[in-house]
Each structure stands twice: as C-alpha cells, then as structure tokens.
Amino acid sequence: MKAIRVHRPGGPEVMELEDVDIREPDEGEVLVRIRAAGVNPVDTYIRSGSANYTPACPYTPGTDGAGIIERTGRGVRRLREGQRVFVGGSATGTYAEMAICAESQAHALPPKVSFAQGAGVFVPYATAYHALFHKAHGSPEETVLVHGATGGVGSAAVQIAKAAGFTVIATGGTEQGRQMVKNQGAEHVLDHSQSGYLDAAHELTGGRGVDIILEMLANVNLGRDLGVLAKGGRVVVIGSRGPVEINPRDAMSRDATITGMLLANSSPREMEAIVAALEAGLESGVLSPVTGKELPLAEAAQAHRDVMAAGAYGKIVLIP
Ligand code: NAP
C-alpha cells in the first residue's frame, strides 16, 4: 500500500510517498482502509522534532482519519468488517491507504458524515470538548470566547459550545473564516488581526467579561485574555508557540484560573465521556466538521505548510 514515510526529522519535504507493507490486525485490532486523513498542527511538530516531540523514525504520520473496516482481529466485538469509522490514533499512522488501530481507537461514523469530515473529528473535537467541560468546567449559561475559531479545534469548539447552550464570542483572522464561524452559530465574531479587538468582549458582556476563554495562541494573547475575564473566569491554554508575559494581578483581581491542557493527558474515563459525546453529536447532526481543503496524500508536505499558515478555514485533509 501507499503511505507517507518520514525517515528523519525535518521540514515538510522529509515526508515521502512510498510503498510499504501493512500487517494483519492482531487480537483486539482492526485494519482500516483510510479514505481521508486529518492534518493537525501536532503532526508538524512531531515531523520536525519540535515542541518536545522526538519522532521515532522511520514512521508514518497522522493521528486522525476515517474509513472502512477491512478486517477485524480476534476478540473484536464492537466493530465489524465493512463498518464506517472515524479514527483517533493508530499503531501505524493514518497518512496511508491502510492503518491498524486498536478497537478502542475506531468509532462509528454515521452515513451522513463524509469520510473527509470524519477525518476532522477526533483531535479537534476531543480537544474542544475536553477544554470546555473537563478543564474549564463550563456551564451552559456562561459566555465562552473561542480565541482562534476558524481552525480545526476552534470551529469544533464553537459547534460544541453552541450545541450545549453557551453564548459564544469567537475570533478569526480572515473575512471568509469569520463568516464560516458565524455560520456555525457564534453570536459575535471578532477580527483578531485588529488592534483593540478584545475591547468588544467587554461591551458584548455588558462590562462583566467572559467566563471562559479557549485559547489557541497563548503566546500572543494570554496577557490580554486575563483583562477580559469575568470574576471566576478561566482560560484554557490549548495552543501556544512561545513564551508570553502576563500581569498576575489581572488574574488575582478576578480569582481567575489559567489551565494548560494536552489531550493526550486525558484519563480513560474522560476519554470515554468525550467519545460518547462526539458519537452522539455526529449522529444527531449538531456536530458537523468543516473541511476547508482536501489534498491528495502525495501532497502531505503542502498540507503541513498550509496547516501552519494564517487564514485557517476548518480542517485540511489528505485523500489516499
Ligand atoms: P489550525 O486549524 O491551524 O487553526 C489555528 C487557529 O489559530 C486558527 O483559527 C487561526 O486563525 C488562529 N490564530 C491565528 N492567529 C491568532 C491570534 N493572534 N489569536 C487567536 N487565534 C489565532 O489549528 P488547530 O488544529 O485548530 O489547533 C489550534 C492550536 O491548538 C494549535 O497550536 C495546536 O497545536 C493546538 N492543539 C493543542 C491540543 C492540545 O491537546 N493542547 C490539541 C489540538 C490542537 P486565523 O487563521 O483565522 O488567523
């Protein structure tokens, strides 16, 4: 089968399309024919060996994907051959025509959700859900600021928060992206490329401030985030690409909490709750991933450049 392989850490160009063998699924595993693979920023950090990641070369990148179960190993009970699934993690990597997954890594994909959409589910939606409910302990009467709502995690967060009843203020850097976020149900959409744009968050909450901020770029925003929080407000740091200076008094005066998170640190019980919520949301249709760009698998390098560029619009997926 064809798969993207990385033999040494480096820039996007180290990803090459090669012919590789795929093994049969062991006990408790399934073989998935990948129809679309989701591209996440973390895939680029692992590939380049940055942000404390060390790639175990050679390897095939990719955590997220969607496809059809080709074969099941012994003892697999929940999944059957021919079933449509979305995948969150695998033993072999999802930037490939096939992937071996543990049964627990593959989940039912309803017929109304395309494979491209399915490839955009796991990391973005699980991260957004974990941030909003397990880390911020959000409650539906609250106001949440999704700071960077045009990308994979942000657009997922807007959908999840709206479905649960939160008031959503969202930000985006392009007109097209902001329109998409508005279409997802955000009440107010601000332009994070304009100076002073967060002043509106005060006005939009009647001077109270926002209860929760889901932050995609803390190294740029965290200092200013603290100034727009309501009393008892929480910032969940989902993404950060460097250090930042804050004034701790802004947190003190509000009894504010700053919480970092990594989806990989979620407990098995939290993951069970996340998967249950995502499956139900996809089934009911309240969760519907936005796929902005579909590229052939051979263009994985371009996809990695695109996912790190400004002007996000939902998910970028690779089609084997
Ligand atoms: P993405 O699809 O590439 O989206 C990036 C987002 O950041 C876009 O909405 C972009 O908006 C926004 N952004 C750019 N400049 C900004 C600014 N000055 N202020 C606020 N937002 C800004 O990436 P993603 O998959 O959504 O992931 C977002 C971040 O979370 C990444 O850093 C990723 O590594 C991280 N992440 C962390 C976890 C975790 O477990 N902690 C899990 C998943 C992702 P425009 O392009 O419209 O300007």
Side-chain angles (χ1 to χ4, degrees), residues 37-48 50-53 62-64 88-89 119-132 134-136 144-160 168-182 184 186 189-198 201 210 213-225 228 235-242 244 258-267 270-271 274 289-293 303-317:
V39 175
N40 289 298
V42 69
D43 302 343
T44 75
Y45 315 151
I46 296 169
R47 185 213 68 229
S48 60
S50 59
N52 295 332
Y53 289 98
T63 301
D64 288 356
V121 172
F122 187 75
V123 166
Y125 282 76
T127 299
Y129 186 95
H130 191 56
L132 186 57
H134 297 154
K135 293 297 167 186
V144 56
L145 168 65
V146 182
H147 212 165
T150 48
V153 178
S155 56
V158 172
Q159 289 181 7
I160 290 170
V168 176
I169 302 173
T171 78
T174 64
E175 183 54 44
Q176 193 199 18
R178 288 191 295 277
Q179 188 55 51
M180 179 270 284
V181 171
K182 202 152 193 93
Q184 302 311 310
V189 186
L190 310 177
D191 179 355
H192 57 226
S193 70
Q194 297 289 313
S195 66
Y197 67 99
L198 280 180
V210 299
I213 300 178
L214 303 183
E215 183 53 64
M216 304 305 151
L217 202 57
N219 55 303
V220 173
N221 298 321
L222 188 58
R224 279 175 287 140
D225 283 346
V228 297
V235 183
V236 184
V237 176
I238 297 174
S240 186
R241 293 182 178 162
V244 61
I258 303 167
T259 307
M261 65 152 277
L262 268 191
L263 180 62
N265 293 337
S266 57
S267 69
E270 287 170 332
M271 193 47 79
I274 289 167
V290 176
T291 50
K293 194 178 275 185
H304 274 208
R305 289 183 196 103
D306 291 347
V307 79
M308 297 304 282
Y313 191 95
K315 282 304 300 180
I316 299 169
V317 298

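Whatever order the structure lists them in is the order used to number ligands and atoms, beginning at 1.
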Handout entry: Identity and distance of the protein heavy atom lying nearest atom 3 (O) of ligand 1
Key = Val307 O, 3.1 Å
As an exercise, identify every atom of ligand 1 less than 4.0 angstrom from a heavy atom of [X].
| X | result |
| --- | --- |
| Val123 | 43 (C) |
| Tyr45 | 31 (C), 32 (O), 33 (C), 34 (O) |
| Leu217 | 15 (N), 16 (C), 17 (C), 18 (N) |
| Ala149 | 9 (O) |
| Gly173 | 45 (P), 47 (O), 48 (O) |
| Leu263 | 39 (C), 40 (O) |
| Met261 | 39 (C), 40 (O), 41 (N) |
| His147 | 20 (C), 21 (N) |

Problem - Residues which pass side chain to side chain contact (heavy atoms under 4.5 Å, CB included) with Thr291, listed by chain and number, not counting sequence neighbours - result: Ala116, Gln117, Glu294, Lys315, Val317
Handout entry: Non-hydrogen side-chain atoms of Val146 and Val168 separated by less than 4.5 Å
Key = yes
Report yes if some N/O of [X] lies less than 3.5 Å from some N/O of ligand 1; otherwise report no.
| X | value |
| --- | --- |
| His192 | yes |
| Gly311 | yes |
| Ala264 | no |
| Gly151 | yes |
| Ala310 | no |
| Gly152 | yes |

Problem - atom 10 (C) of ligand 1: any protein heavy atom closer than 4.0 Å - result: yes
Fill in the blank from the handout: At under 4.0 Å between heavy atoms, what of Pro41 touches ligand 1? The answer is side chain
With the threshold set at under 4.0 angstrom, would you say [X] reaches ligand 1 through any of its heavy atoms?
| X | answer |
| --- | --- |
| Pro124 | no |
| Tyr313 | no |
| Gly177 | no |
| Arg241 | yes |

Problem - From Val42, Leu262, Ile238, Leu198 - option closest to atom 38 (C) of ligand 1 by heavy atom - result: Ile238
Handout entry: Minimum non-hydrogen distance to atom 19 (N) of ligand 1, winning option of Asn221, Thr150, Thr127, Val39
Key = Asn221
Exercise for the section: Measure from the side-chain N and O atoms of Asp43 to the backbone N and O of Asn40, and report whether any donor-acceptor pair falls under 3.5 Å. Expected result: yes
Output a table of donor-acceptor pairs, distance under 3.5 Å, between side-chain atoms of residues 123-130 and any protein atom two or more places apart or on a different chain; print 'none' if there are none.
unit_1	atom_1	unit_2	atom_2	d
Tyr125	OH	Gln159	OE1	2.7
Thr127	OG1	Val123	O	2.6
His130	ND1	His134	ND1	2.9

Exercise for the section: Say whether His147 and Asp225, considering side chains only, have a donor N or O and an acceptor N or O under 3.5 Å apart. Expected result: yes
